[in-house]
Enquirer: 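Below you will find the structure I want to go over with you.
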There are 2 protein chains.
Amino acid sequence: MLFSKGCTYAIRAALLVAVKETREGRKFIPIRELADELDLSFHFLTKILQVLTEAEIMESFRGPNGGIGLAREANKISLIQIISAVDGMSLFSECALGLPDCGEAKPCPLHQSWSKRREELKRMFEKTTLATLAQDFSKNSFRN
Amino acid sequence: MLFSKGCTYAIRAALLVAVKETREGRKFIPIRELADELDLSFHFLTKILQVLTEAEIMESFRGPNGGIGLAREANKISLIQIISAVDGMSLFSECALGLPDCGEAKPCPLHQSWSKRREELKRMFEKTTLATLAQDFSKNSFRN
DNA sequence: CGGTATTAAGAGTCTCTTGTCTTAATATAT
DNA sequence: ATATATTAAGACAAGAGACTCTTAATACCG
């Protein structure tokens, strides 16, 4: 598993919010609605989305007509921001063999090839935004 | 974390065995010796290496002068074989968003970009063998 | 003001990974 | 045979990840 479960839930939920905001013109979507449509545990999703609001990626509002919404435009929220908030950046900085001091100075035997791929992956998640994904979403939803 | 801890230990140990076999001309290396040099728990490493012997990647021998050795030449053992035995191949087949039915037929919004990187990573681990790593090892050990 | 809808916070549970420890099996040497 | 060195196997424990549930805080509406 590349990401934790929580991280995949966060991405799915953020994407669904982005789609709903543009499609239905709503600002705040209740987490219960997201959990139902994504078939996820409401309480668990709530906790994960709290991380995104703390990271100022999303905004939340309590009470009737409350819910959660993007803190800025969908094309200003890249996947790396969500990944970083939920899972941290260790995937993109750590040695594949888990060696603590591996780096350019003291490379492990896998360092060259892995760090190259690692950077490519990172760049990919940096340039992919919720807006990018939302375009694809119109053709293929992820309730597959 | 790309791999489980056990998987990184397995790769480190297998590589050390490869190096020791060629450098010192020994056929079986005691696991205790590997655990000491790699600074890993002996019992845990033993359990992980059992997986590699079951997968016929390594061979073991009990009793005095016993230990563990490669089941074939180092250039015939690719990292993907070790990874597959310990962690399975799910990293190279699963959807980045964890969606069960994601694939060419029903792609999630990340499918195109991730499956491409996934394949590249897989090929990299297929073509990297213990012999490849052992070359690098002569310059930089991994007790860093 | 009181009821209701919603997120926030936090305790508690379940499961899987990681690691420890003990005992059994097996091979060697004397 | 007996002692010793080693892997094999399996029970057990600690920790983290993945949920579950309950209560509190907040906002709206009548």
Side-chain angles (χ1 to χ4, degrees), chain A residues 1-14 17 20 26-36 38-71 83 85-88 90-91 97-98, chain B residues 1-14 17 20 26-36 38-71 83 85-88 90-91 97-98:
Chain A
M1 300 78 246
L2 194 63
F3 305 129
S4 70
K5 290 217 165 194
C7 189
T8 67
Y9 298 169
I11 297 174
R12 294 188 221 170
V17 168
K20 279 179 176 280
R26 295 193 287 160
K27 186 83 194 71
F28 292 102
I29 321 285
I31 298 179
R32 175 128 264 146
E33 180 181 330
L34 299 172
D36 285 349
L38 295 169
D39 202 24
L40 299 175
S41 147
F42 165 69
H43 288 292
F44 191 44
L45 185 57
T46 296
K47 188 166 296 183
I48 290 156
L49 291 180
Q50 276 176 31
V51 176
L52 295 192
T53 63
E54 279 162 26
E56 300 187 322
I57 293 169
M58 306 197 85
E59 281 172 352
S60 67
F61 214 77
R62 291 195 254 209
N65 305 320
I68 198 157
L70 303 184
I83 294 163
V86 180
D87 278 359
S90 62
L91 175 63
L97 298 183
Chain B
M1 307 81 248
L2 195 62
F3 305 129
S4 71
K5 289 216 165 194
C7 189
T8 69
Y9 298 168
I11 296 174
R12 295 189 221 170
V17 168
K20 280 179 175 279
R26 295 192 286 159
K27 185 81 192 73
F28 290 102
I29 321 285
I31 298 179
R32 174 129 264 145
E33 182 179 332
L34 300 172
D36 285 350
L38 296 169
D39 203 25
L40 299 176
S41 148
F42 165 68
H43 289 292
F44 192 45
L45 184 57
T46 297
K47 188 168 297 184
I48 289 156
L49 291 180
Q50 277 176 33
V51 176
L52 294 192
T53 63
E54 280 161 24
E56 299 188 322
I57 292 168
M58 306 197 85
E59 280 173 351
S60 67
F61 214 76
R62 290 195 254 207
N65 307 319
I68 199 157
L70 302 185
I83 294 162
V86 180
D87 279 359
S90 61
L91 175 63
L97 298 183

Enquirer: Please examine the side chains of A/Phe3 and A/Leu91, heavy atoms only from C-beta on, and report whether any two atoms are closer than 4.5 Å.
Expert: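 Result yes, sub-4.5 Å side-chain heavy-atom pair found.
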Enquirer: With 3.5 Å as the limit, what N/O pairs link the protein to nucleotides 26-30 of chain C?
Expert:
unit_1: C/dT26; atom_1: O4'; unit_2: B/Arg62; atom_2: NE; d: 3.4

Enquirer: Show every donor-acceptor pair shorter than 3.5 Å between a side-chain atom in residues 42-65 of chain B and any protein atom, with sequence neighbours excluded, or say none if there are none.
Expert:
unit_1: B/Thr46; atom_1: OG1; unit_2: B/Phe42; atom_2: O; d: 2.8
unit_1: B/Thr53; atom_1: OG1; unit_2: B/Gln50; atom_2: O; d: 2.8

Enquirer: Report the distance from atom CG of A/Leu2 to atom CD1 of A/Ile83, rounding to the nearest 0.5 Å.
Expert: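 Output value for this atom pair is 7.5 Å.
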Enquirer: Closest heavy-atom contact between B/Cys7 and B/Asp87?
Expert: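 That closest heavy-atom pairing would be CB-OD2, 3.4 Å.
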Enquirer: Heavy atoms within less than 4.0 Å of DNA chain D: which residues of residues 42-59 of chain A have one? Give them sorted by number.
Expert: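 When residues 42-59 of chain A is checked for heavy atoms under 4.0 Å from DNA chain D, the hits, listed by number, are A/His43, A/Phe44, A/Lys47.
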Enquirer: Please report the distance, rounded to the nearest Å, between CG in A/Leu40 and P in D/dC19.
Expert: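 My rounded result for the distance is 9 Å.
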Enquirer: Please give, in whole Å, the distance from D/dT6 P to B/Asp36 CG?
Expert: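 Distance, rounded to whole Å: 11 Å.
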Enquirer: Ignoring hydrogens, what is the shortest heavy-atom contact between B/Ala10 and B/Val86? Give both atom names and the distance.
Expert: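 The answer is CB-CG2, 4.0 Å.
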Enquirer: Hey, are the side chains of B/Leu40 and B/Leu34 touching, using non-hydrogen atoms and a 4.5 Å cut-off?
Expert: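 Answer no - side chains too far apart.
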Enquirer: To the nearest Å, how far apart are B/Phe3 CZ and C/dT18 C1'?
Expert: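 Answer to the nearest Å: 18 Å.
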Enquirer: Under 4.0 Å: is that the gap between some side-chain N or O of B/Tyr9 and OP1 or OP2 of C/dT18?
Expert: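 For C/dT18, neither OP1 nor OP2 has a side-chain N or O of B/Tyr9 closer than 4.0 Å.
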Enquirer: In Å, rounded to the nearest 0.5 Å, how long is the span from CD1 of B/Ile11 to CG of A/Leu97?
Expert: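 Between atom CD1 of B/Ile11 and atom CG of A/Leu97 there are 5.5 Å.
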Enquirer: Figure out the CZ/P separation between A/Arg32 and C/dT4, and round it to whole Å.
Expert: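 In whole Å, C/dT4 P lies 17 Å from A/Arg32 CZ.
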Enquirer: Looking at B/Ser60, I'd like to know whether one of its side-chain N or O atoms comes within less than 4.0 Å of OP1 or OP2 on D/dT7.
Expert: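 Looking at the OP1 and OP2 atoms of D/dT7, neither is under 4.0 Å from any side-chain N or O of B/Ser60.
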Enquirer: Distance check needed: D/dC21 C1' versus A/Ile31 CD1, whole Å only.
Expert: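 Whole-Å distance recorded here is 16 Å.
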